[in-house]
Undergrad: 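I am attaching a structure below and will ask some questions about it afterwards.
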Amino acid sequence: MTKQFKSILVLAFIAIGFINVQAQERPNFIFILTDDQSYGMMGCTGNDIVQTPNLDKLANDGTLFNNAHITSAICTPSRISILLSQYERKHAVNFNSGTSVSDEAWAKSYPVIMRDAGYYTGWIGKNHAPIGKGGYGSGLMEKSFDYWYAGHGHIRFYPKQVHDIFNDAIAHTQVEVINEGVNDFLDPNERKLKGAIKFLESRPSDKPFMLSVNFNLPHGAGTSSMKMKKDDDAIYKSMYRDLDIPLPPNYIAKKDIITPKLPADVLKVENRQTGYNYVDTPEDNKERYTRQLQAMTGIDRMVGNLRSKLKDLKLDKNTIIIFTSDHGLFMGEQGLGGKALCYEKTTHVPMIVYNPSLKKRQRGLESDALVQSIDVAPTMLALAGIQTPNTFQGKDISGLVKGDKNEVRDYVYTENLWSTQFGNPKIEAVQDKQWKYIRYYKNDMFPALKKIAAAKELGLKVNDLLYKVHDPDIAIYRALSNGSLEGEQPVYEELYNLKNDPAELKNLAKDKQYASILKDLRKVWKTEITNARGEGKPMVYRYTVDSESVSKYKSK
């Protein structure tokens with residue numbers, strides 16, 4: 001072996017070692033997503049009843065964004081928006097769209113990109129995003145991770161009753177089952193969960209990791225199924241029940257509604273899903289709110305356990321934690337229930353980003369910058385040193401996390417394209433830090449009450465008529481989505497001064513004093529909706545009852 005060759009070999013080994021060190025120095029990520037958690041449901045966001053000491057500490061150690069918003073206030077489109085960093089108008093997948101995310105689009109999701117870049121990836125808890133041909137049944141989602149411990153759709157409060165994958169867990173309540181999954185993912189010495197799908201026996205210590213933790217709480221599918229069983233933790237049986245829980249500000253019981261918040265032909269509340277009827281009476285509303293508080297304290301305890309586990313494993317100094325929710329939820333404010341609207345109660349969510357590598361003076365910050373859920377993916381990629389694909393519509397907010405003053409956007413755009421038999425119209429909204437403008441479109445969807453009546457008369461399954469999507473629904477959804485850009489005019493408009501009226505009680509759209517502001521925001525709406533739609537056709541697959549029937553027929 002020549003001296004020159006030896007020198008080259010030594011340099012090669014040094015280079016390889018440098019690459020390995022670089023790989024190990026890349027930060028780990030844990031992204032925690034709750035469900036139906038409005039902004040004000042933690043101590044650090046102003047709630048003086050709920051006990052969330054661990055989340056409050058996370059905010060105090062990191063950056064709390066006080067002006068964070070989702071893009072669509074309904075589970076599936078919001079979660080896909082986070083995964084793909086795209087507005088729903090761009091990715092075109094919702095409960096009523098008749099579509100699932102295509103393989104091509106999924107290849108540009110943050111989990112796939114990060115895995116391709118050398119990250120060990122995991123997904124725990126709930127998945128409510130139909131991915132691949134056949135949606136939830138495609139198996140593509142499970143195969144896209146190194147570690148999978150999750151159920152599709154709602155996993156409810158007792159996940160073992162819904163999904164077999166959780167049966168090996170010692171716990172039986174949702175938060176605690178998810179906590180076991182987190183420990184199994186992080187700790188090679190933890191008791192192994194037989195149900196978890198793993199592509200390696202344990203997490204490689206020489207690779208950075210990215211873990212997504214997804215709750216189905218404090219969502220109604222979880223809180224409504226709480227039974228206060230004998231072996232439930234005390235949190236879920238007795239906590240907060242000794243308190244006189246107040247009703248939300250501006251709460252109106254159904255019997256006391258004189259003038260509805262929105263015109264009756266715009267929001268057809270009589271067709272609202274029955275799962276939100278608890279808002280109609282003070283007693284039922286307080287009971288549900290109590291359960292939500294309990295769920296939040298359970299989630300908070302898991303966050304505390306997580307941080308302790310990271311410290312025990314000496315992973316705490318290099319693990320970035322991001323916490324947010326997929327949208328908020330009305331609790332009878334102004335007589336409203338459910339979500340799928342563009343008011344602050346449904347679009348405004350908490351967001352905390354904790355980066356342990358930052359200096360002490362960059363900790364405990366609060367930012368009122370306008371940020372959105374679609375910013376999570378590009379921020380993680382930027383912090384990981386991974387190039388962001390041109391399909392992303394979100395912004396990198398890592399500068400704001402460390403205290404930079406340069407904001408990433410002037411306006412937030414939100415929308416609701418889940419216009420169905422449940423009475424919700426198509427809605428679009430733009431806002432800055434002071435003003436919000438909302439547009440509502442003609443609501444002529446066939447009503448749920450008539451579908452229910454027909455189902456009962458003919459002895460059909462009510463849920464089949466209400467929730468199954470057929471091929472013609474694809475065209476209806478496309479028309480909803482495209483109409484605004486093709487000149488469809490709103491039938492009702494709202495304008496709110498968020499600084500003077502944060503609860504959005506007084507609509508100023510018809511007040512001549514604010515005509516110029518309304519005119520300007522209409523122009524902003526046009527720009528923002530055009531940007532949200534972007535270029536090219538939606539990258540989706542047909543995903544309807546009809547497509548499933550064809551597949552079953554062909555397989556016989």
Side-chain angles (χ1 to χ4, degrees), residues 70-78 80-81 84 86-102 105 129-130 135 262-268 271-273 338-342 393 413-430 437-451 464-494 522 525-550:
I70 50 74
T71 53
S72 299
I74 192 77
C75 294
T76 287
S78 179
I80 293 173
S81 290
L84 302 182
Q86 292 180 352
Y87 294 96
E88 179 188 345
R89 195 167 293 272
K90 174 71 172 175
H91 67 65
V93 179
N94 201 325
F95 293 113
N96 59 320
S97 65
T99 54
S100 62
V101 177
S102 72
L262 289 166
D265 62 341
V266 172
L267 179 64
K268 301 181 179 180
N271 291 295
R272 185 187 67 201
Q273 290 167 294
K339 42 214 175 192
L341 298 170
C342 289
Q393 294 179 304
Y413 171 78
T414 56
E415 62 189 355
N416 174 59
L417 298 178
W418 192 62
S419 182
T420 68
Q421 63 271 9
F422 296 114
N424 296 309
K426 180 176 72 171
I427 312 167
E428 296 150 358
V430 290
Y437 167 58
I438 312 177
R439 297 164 65 96
Y440 298 84
Y441 294 86
K442 185 177 180 181
N443 186 355
D444 55 4
M445 291 298 171
F446 195 79
L449 288 176
K450 290 188 176 181
K451 288 188 175 184
D464 285 354
L465 266 69
L466 291 178
Y467 294 103
K468 288 190 174 181
V469 179
H470 294 269
D471 286 347
D473 293 316
I474 298 174
I476 294 171
Y477 175 84
R478 291 292 175 85
L480 278 169
S481 179
N482 295 334
S484 308
L485 291 165
E486 294 172 350
E488 182 183 5
Q489 295 300 303
V491 296
Y492 189 72
E493 295 174 296
E494 290 177 312
R522 284 173 179 155
W525 159 82
K526 181 66 174 179
T527 299
E528 294 299 317
I529 191 175
T530 302
N531 290 339
R533 177 61 189 87
E535 301 291 335
K537 296 178 180 178
M539 293 189 289
V540 294
Y541 293 134
R542 169 193 181 206
Y543 179 46
T544 64
V545 174
D546 305 318
S547 64
E548 292 174 0
S549 299
V550 169

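Computed from a predicted model, the values in this text were never measured in an experiment.
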Undergrad: Is it true that a side-chain atom of S72 and a backbone atom of S78 form a donor plus acceptor pair closer than 3.5 Å?
TA: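 Here the side-chain-to-backbone pair does not exist.
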
Undergrad: Taking the basic N atoms (NZ, or NE/NH1/NH2) and the acidic carboxylate oxygens, is any pair closer than 4.0 Å for R522 and E493?
TA: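 Looking at E493 together with R522, the answer is yes, because their closest N to O distance falls below 4.0 Å.
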
Undergrad: Determine whether a donor-acceptor pair (N or O, by modelled atom type, separation under 3.5 Å) exists between the side chain of R89 and the backbone of S481.
TA: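 At least one qualifying donor-acceptor pair exists.
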
Undergrad: Does the side-chain contact (heavy atoms from CB on, under 4.5 Å) test come out yes or no for L341 and N416, once each step is laid out?
TA: CA-CA 6 Å; L341 298 170; N416 174 59; over 6 Å; no

Undergrad: I need the minimum non-hydrogen distance between K451 and L466, along with the two atoms involved.
TA: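 Looking at all heavy atoms of both residues, the shortest contact is CB-CD2, 4.2 Å.
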
Undergrad: Do T99 side-chain atoms and A92 backbone N/O form a donor-acceptor pair below 3.5 Å?
TA: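 Present.
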
Undergrad: Go through the side-chain N and O atoms of K426 and S484 and say whether any donor and acceptor fall under 3.5 Å apart.
TA: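 Judged by distance alone, the side chains do pair up.
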
Undergrad: Using side-chain heavy atoms (C-beta onward) and a distance below 4.5 Å, is C75 in contact with K339?
TA: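 C75 reaches K339 side chain to side chain.
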
Undergrad: Ignoring hydrogens and angles, tell me if any N or O in the side chain of T530 forms a donor-acceptor pair with the backbone of K526 under 3.5 Å.
TA: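 Flag set: sc T530 to bb K526 pair under 3.5 Å.
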
Undergrad: Quick one: does Q489's side chain have a donor or acceptor within less than 3.5 Å of a partner on G487's backbone?
TA: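 Answer holds: yes.
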
Undergrad: Under 3.5 Å, is there a donor on one side chain and an acceptor on the other for Y441 and E428?
TA: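 Yes.
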
Undergrad: Could you measure the distance from the CD1 atom of I476 to the CE atom of M445? Nearest 0.5 Å is fine.
TA: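 Result: 6.0 Å between the selected atoms.
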
Undergrad: Output the distance between atom CZ (R439) and atom OH (Y437), rounded to the nearest 0.5 Å.
TA: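 Here the interatomic distance stands at 4.0 Å.
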
Undergrad: Does either side chain, that of N96 or that of T420, offer a donor lying less than 3.5 Å from an acceptor on the other one?
TA: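 N96 vs T420: no donor-acceptor pair found between side chains.
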
Undergrad: I'd like to know if the side chain of H91 and the backbone of P77 have a donor-acceptor N/O pair within less than 3.5 Å.
TA: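 Confirmed, H91 side chain pairs with P77 backbone.
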
Undergrad: I80 and A129: which non-hydrogen atoms are nearest, and at how many Å?
TA: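 Closest pair (atom of I80, atom of A129, distance): CG1-CB, 3.6 Å.
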
Undergrad: If you look at every heavy atom in V93 and Y477, which pair is closest and at what distance?
TA: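 What the structure gives for the nearest pair is N-OH, 3.9 Å.
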
Undergrad: Going through the checks in order, is the side-chain contact (heavy atoms from CB on, under 4.5 Å) test met by V101 and V540?
TA: CA-CA 5 Å; V101 177; V540 294; over 6 Å; no

Undergrad: Look only at the side chain of N443 and the backbone of D265, and say whether a donor-acceptor pair between them is shorter than 3.5 Å.
TA: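 No.
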
Undergrad: For T71 and S81, does a side-chain donor sit closer than 3.5 Å to a side-chain acceptor?
TA: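 Yes.
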
Undergrad: Taking the six-membered ring for Trp, are Y413 and Y87 parallel (under 30°), tilted (30 to 60°) or perpendicular (over 60°)?
TA: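 Y413 and Y87: perpendicular rings.
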
Undergrad: With sequence neighbours excluded, what pairs up with Q273 under the side chain to side chain donor-acceptor pair (under 3.5 Å) test?
TA: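 Result, side chain to side chain donor-acceptor pair (under 3.5 Å) vs Q273: Y467.
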
Undergrad: Would you call L417 and E415 a side-chain contact if the rule is heavy atoms closer than 4.5 Å?
TA: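 With C-beta onward as the side chain, the pair touches.
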
Undergrad: Would you say the side-chain atoms of N271 pair up with the backbone N or O of A448, donor to acceptor, closer than 3.5 Å?
TA: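 Side chain of N271 to backbone of A448: a pair is present.
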
Undergrad: Are a donor atom and an acceptor atom from the side chains of N94 and E88 found within less than 3.5 Å of each other?
TA: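 Yes, a side-chain donor-acceptor pair sits under 3.5 Å.
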
Undergrad: Please report the shortest heavy-atom distance between P130 and Y543, naming the atom on each side.
TA: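 Result for this residue pair: CB-CE2, 3.6 Å.
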
Undergrad: Between CZ of F95 and CD1 of I74, what distance do you get to the nearest 0.5 Å?
TA: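 Nearest 0.5 Å value for the CZ-CD1 distance: 5.5 Å.
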
Undergrad: K90: what forms a side chain to side chain contact (heavy atoms under 4.5 Å, CB included) with it, not counting sequence neighbours?
TA: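 Expected list: Q86, Q393, R533.
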
Undergrad: Can any side-chain N or O of H470 pair as donor or acceptor with the backbone N or O of P472 at less than 3.5 Å?
TA: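 No: the side chain of H470 does not pair with the backbone of P472.
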
Undergrad: To the nearest 0.5 angstrom, please state how far the OH atom of Y492 sits from the CD1 atom of I438.
TA: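 Here the interatomic distance stands at 9.5 Å.
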
Undergrad: Please give me the minimum heavy-atom distance between T544 and V469, naming the atom from each residue.
TA: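 Shortest heavy-atom contact: CB-O, 3.2 Å.
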
Undergrad: Counting only N and O atoms by type, is there a donor-acceptor contact under 3.5 Å from the side chain of N482 to the main-chain atoms of R478?
TA: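 Flag set: sc N482 to bb R478 pair under 3.5 Å.
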
Undergrad: Taking all non-hydrogen atoms of both residues, which atom of Y541 and which atom of S102 are closest, and how far apart?
TA: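 Smallest interatomic distance, heavy atoms only, reads CE1-CA, 3.4 Å.
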
